[in-house]
Amino acid sequence: MSLNVTQKIIESHLLEGEMIPQKEIALKIDQTLTQDATGTLVMLELEAMGLDRVKPELCAQYVDHNLIQEDFKNPDDHLFLRSACQRFGVWYSQPGNGVSHPVHMQSFGKPGKTLLGSDSHTCAAGCLGMLAMGAGGLEVAMAMAGHPFYVKMPKIFGIKLKGKLPDWVSAKDLILEMLRRHTVKGGVGSVIEYYGPGIKHLTAMDRHVIANMGAELGATSSVFPSDKQTLKFLQSQGREKDWIALEADSGAKYDLHDEIDLSKLEPLIALPSSPGKVVPVREVAGKELYQSYIGSSANPGYRDFAICALMVKDKRVSPNVSFDINPSSRNILEELVKEGHLAHLIHAGGRIHQAGCNGCIGMGQAPATGRNSLRTVPRNFLGRSGTIEDSVFLCSPETATASALMGKITDPRTLKFDYPKVKLPKKTIINNDMLQAPLTHDKARQITLVKGPNIVSLPILKPLENAFHLPILLKLEDNISTDEIMPAGTRVLPYRSNIPKISEFAFIDIDKSYAKQAKDTKSGHAIVGGENYGQGSSREHAALGPRYLGLRLVIAKSFARIHWQNLVNFGILPLVFVEPKDYALISKNDVIVINDILNSLKNGSKLNATLENKNACFTLRHDLSSRQVDILTAGGLINWVQLGPR
């Protein structure tokens with residue numbers, strides 16, 4: 001049987017189940033990735049499990065999100081993470097070493113391996129021919145403890161690429177074209193696999209840009225073949241021994257299909273405030289600009305910065321524009337210095353920030369209220385920048401830099417100079433001094449976890465009730481993101497290891513009264529959502545925070561994959577409308593009644609619900625496996641694990 005790349009990796013890692021789309025399978029995980037915004041909970045979960053040492057081939061923890069040290073909370077958590085890495089046998093990337101995804105790609109990525117990360121953009125590692133998936137921190141903790149990763153077998157969405165990108169068009173425009181065609185729901189339930197003759201013209205870092213933003217399509221992952229471009233990249237990192245050839249067999253089939261001619265693409269831009277609102281740059285050219293932001297995991301390569309430097313060489317950006325430069329890794333920053341590119345950026349008016357996520361996650365560089373900000377980041381959900389009433393566009397480095405020069409949104413093809421040609425350094429800088437290797441097992445056992453006053457033990461969760469009689473405290477629209485459920489940024493993320501405190505921020509930008517009302521509702525409550533509920537970040541705080549406040553039930557038209565599983569992991573029942581029109585029956589503050597829950601979950605997929613105050617009845621459905629039903633019944637994944645072997 002001819003297999004595509006995704007099927008080959010899944011087949012070689014399959015521990016349970018069959019490769020039938022939408023059936024639950026269990027996969028062996030070779031590597032894990034955690035970052036500081038989610039990793040603190042992961043390490044607390046490992047402690048709660050009583051883990052002695054991690055089991056996968058490699059586990060790495062990165063400090064890249066919470067770098068602003070305005071008080072004790074972030075630096076205390078950095079010390080906790082370092083001590084946890086020493087105790088459990090995990091690689092530790094120090095603050096300032098760079099964004100997790102490009103650093104992991106440079107240091108640890110291996111074709112044919114599986115990677116599970118507590119960050120939704122873990123899928124970026126698919127650029128090297130890995131099957132890399134984002135998940136909630138608790139699932140990553142389970143993988144670190146040696147358990148399989150359970151996921152529904154995805155459909156394989158084949159994207160055939162042909163042609164070559166024209167001048168002023170780059171990899172970001174390709175993934176924006178995917179979002180233009182398929183929207184933020186277009187990849188749900190699928191792994192997107194790229195193939196075809198156009199592949200050879202995309203470098204490994206170009207592929208990183210594309211695979212990274214597969215998360216914005218809702219995809220389980222994105223996968224590229226491992227070919228000569230992959231080998232070239234690994235050689236540049238001194239890791240050619242890690243290369244294997246991995247390509248689709250001749251005649252391999254795909255469940256879904258599309259084709260893109262790279263030569264026909266033009267500069268594209270995503271309008272505020274969704275990655276799916278994509279139009280050609282020429283349609284919005286001329287709009288006044290406040291900020292142009294270069295960097296992030298969605299444009300992390302040397303080329304992505306060097307092209308900007310060459311564009312602004314011997315020029316000055318508009319005095320009305322904040323030109324923010326965010327290096328993705330310390331190695332790339334060193335290369336930009338060595339090749340003279342950083343000097344061009346500084347001379348042109350660039351503001352240089354430390355290597356890390358920074359403004360992408362709302363940690364600094366927030367734009368002025370209502371002013372246009374062009375960013376090469378992966379997401380532009382409302383308020384994610386740190387400014388509640390923001391106006392963030394997503395675009396390529398070329399478009400962002402052209403606009404910075406002109407002081408308004410500009411199609412780079414209209415500039416009065418030729419497209420600069422970036423030459424890669426003859427020798428890549430490899431500096432791993434800020435990556436701390438795991439201690440030996442004997443030394444690790446002597447380590448005590450360092451906990452500051454902001455680190456609070458995980459709350460104890462009760463088992464699932466057999467009947468619900470719950471007020472509906474929120475009714476939400478389509479495409480509610482985890483940034484709207486639990487915001488990021490400097491005001492919230494420092495409390496990531498303090499669930500009682502961070503829960504106070506749940507839905508705060510949607511309904512400021514929610515947290516207090518939920519606390520006051522002692523019997524628990526429910527929330528109703530529209531399509532694609534919980535899109536975006538993998539942060540499990542978006543489930544655990546509301547759960548701490550008494551959330552027991554979420555009903556939606558459909559769920560984003562990672563958040564749906566996070567709800568299950570923390571004992572919140574996720575149900576969908578059998579008839580989407582029944583969404584209209586429900587109003588905020590209605591009381592929903594569901595009886596015989598445990599029996600209904602175990603013996604079928606349908607549950608009957610009534611609205612007490614309206615005498616309205618409707619049917620709901622769960623899409624849970626028997627394993628997930630057991631997890632929910634126990635009150636969550638930690639409780640289920642503590643019950644022991646079944």
Side-chain angles (χ1 to χ4, degrees), residues 98-99 101-103 105-106 109 124-125 127-128 161 164-176 194 198-213 224 227-237 262 265 267-268 292-313 323-345 348 350 352 355 374-378 394-402 404 412-413 415 417-430:
V99 180
H101 310 301
V103 176
M105 176 187 178
Q106 291 164 345
C127 65
L128 293 182
L161 302 180
K164 186 177 180 180
L165 293 171
D167 289 352
W168 301 111
V169 177
S170 57
K172 189 62 156 282
D173 298 302
L174 170 52
I175 191 60
L176 288 174
Y194 296 89
I199 287 284
K200 65 184 179 183
H201 301 299
L202 298 174
T203 68
M205 272 298 182
D206 290 336
R207 299 173 186 188
H208 182 116
V209 174
I210 298 160
N212 176 284
M213 286 188 64
F224 281 85
D227 55 13
K228 291 181 180 179
Q229 289 281 13
T230 317
L231 175 59
K232 183 178 179 180
F233 174 80
L234 290 173
Q235 286 173 331
S236 75
Q237 302 299 315
L262 301 180
L265 295 181
L268 297 172
S292 183
Y293 177 115
I294 309 297
S296 90
S297 65
N299 274 111
Y302 173 86
R303 187 218 77 92
D304 296 322
F305 296 94
I307 188 70
C308 305
L310 293 174
M311 288 175 67
V312 301
K313 183 179 179 181
F323 189 41
D324 289 279
I325 310 300
N326 293 265
S328 55
S329 75
R330 183 170 292 264
N331 285 355
I332 287 176
L333 179 56
E334 285 191 53
E335 289 176 344
L336 293 172
V337 171
K338 185 184 74 170
E339 299 297 323
H341 293 310
L342 195 66
H344 299 323
L345 293 167
I352 312 301
L374 265 61
R375 298 185 166 207
T376 65
V377 302
L394 307 179
C395 63
S396 70
E398 290 90 335
T399 296
T401 305
R413 297 174 299 181
L415 294 173
F417 55 85
D418 292 336
Y419 186 54
K421 301 298 182 182
V422 174
K423 294 182 179 179
L424 296 179
K426 293 181 179 179
K427 187 175 182 181
T428 301
I429 292 175
I430 302 172

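Throughout, numbering of the chain's residues begins at 1 and tracks the sequence.
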- Query: Should F224 and T230 be marked as a side-chain contact (heavy atoms from CB on, under 4.5 Å) after you check the CA-CA gap, both sets of side-chain angles, and the distance that decides it?
  - Reply: CA-CA 9 Å; F224 281 85; T230 317; over 6 Å; no

- Could you state the interatomic distance from CG (D206) to CG (L165), rounded to the nearest 0.5 Å? 7.0 Å

- Got a donor-acceptor contact below 3.5 angstrom from the H208 side chain to the S297 backbone? yes

- Task: Begin with the C-alpha distance, continue with both residues' side-chain angles, and end with the deciding distance and a verdict on side-chain contact (heavy atoms from CB on, under 4.5 Å) for Q106 and F233.
- Result: CA-CA 8 Å; Q106 291 164 345; F233 174 80; 4.1 Å; yes

- Of the non-hydrogen atoms in M311 and F417, which two are nearest, and what is the gap between them? O-CZ, 3.7 Å

- Message: Would the distance check show the side chain of E335 and the main-chain N or O of I429 forming a donor-acceptor pair, the cut-off being under 3.5 Å?
- Response: yes

- Task: Determine whether K164 and L262 make a side-chain contact, defined as any pair of heavy atoms from C-beta on separated by less than 4.5 Å.
- Result: no

- Item | Heavy-atom pair with the smallest gap, counting every atom of S328 and S296 | CB-O, 4.4 Å

- Under a 4.5 Å cut-off applied to non-hydrogen side-chain atoms, are M105 and M205 in contact? yes

- Any donor-acceptor N/O pair, R207 side chain to L202 backbone, under 3.5 Å: yes

- Message: Just so I know, are the side chains of I307 and T401 near enough to count as touching, which here means a heavy-atom distance under 4.5 Å?
- Response: no

- Message: Measuring only between side-chain heavy atoms, which start at C-beta, is L342 closer than 4.5 Å to F305?
- Response: no

- Do K427 and E334 pass the salt bridge (Lys or Arg N to Asp or Glu O under 4.0 Å) test, and can you show the C-alpha distance, the side-chain angles, and the key distance before you say yes or no? CA-CA 12 Å; K427 187 175 182 181; E334 285 191 53; over 6 Å; no

- For the residue pair L415 and A402, what are the closest heavy atoms and their distance? CD1-CB, 3.6 Å

- Item | Step-by-step side-chain contact (heavy atoms from CB on, under 4.5 Å) determination, L345 to V312 | CA-CA 7 Å; L345 293 167; V312 301; 4.1 Å; yes

- Task: Compare every heavy atom of A298 with every heavy atom of V209, then report the nearest pair and how far apart it is.
- Result: CG1-O, 3.1 Å

- Message: Is it true that, when you exclude K338 itself, more than 12 heavy atoms of the residues, nucleotides or ligands shown sit nearer than 6.0 Å to its NZ?
- Response: yes

- Task: Go through the steps for E339 and L424 under the test side-chain contact (heavy atoms from CB on, under 4.5 Å), then give the verdict.
- Result: CA-CA 10 Å; E339 299 297 323; L424 296 179; over 6 Å; no

- Message: Return the NE2 to CG distance between H341 and L333, rounded to the nearest 0.5 Å.
- Response: 12.5 Å

- Query: Which distance, rounded to the nearest 0.5 Å, do you find between the SG of C395 and the CG of N299?
  - Reply: 8.5 Å

- Between D173 and L268, is there a donor-acceptor pair closer than 3.5 Å when you use the side chain of the first and the backbone of the second? yes

- From OH (Y194) to CG (L174), nearest 0.5 Å: 6.0 Å

- Without swapping roles, check the side chain of Q229 against the backbone of K200 for a donor-acceptor pair under 3.5 Å. yes

- Task: Look up atom CG in L234 and atom CG in L128, then write down how far apart they are to the nearest 0.5 Å.
- Result: 6.0 Å

- Query: Which atom names give the shortest non-hydrogen contact between L310 and P420, and what distance separates them?
  - Reply: CB-CB, 3.6 Å

- Side-chain touch I332/P327, heavy atoms, less than 4.5 angstrom: no

- Return the minimal non-hydrogen interatomic distance between L374 and A400, and the atom names on each side. CD2-CA, 4.3 Å

- Applying the side-chain contact (heavy atoms from CB on, under 4.5 Å) test to K172, which of T399, D304, T376, I210 qualifies? T376

- Using a 4.5 Å cut-off on heavy atoms from C-beta on, say whether the side chain of P300 contacts that of H101. no

- Message: So P166 and R413, do their side chains get closer than 4.5 Å, heavy atoms only?
- Response: no

- Query: Going from CZ on R375 to CG on D324, what distance comes out if it is rounded to the nearest 0.5 angstrom?
  - Reply: 7.5 Å

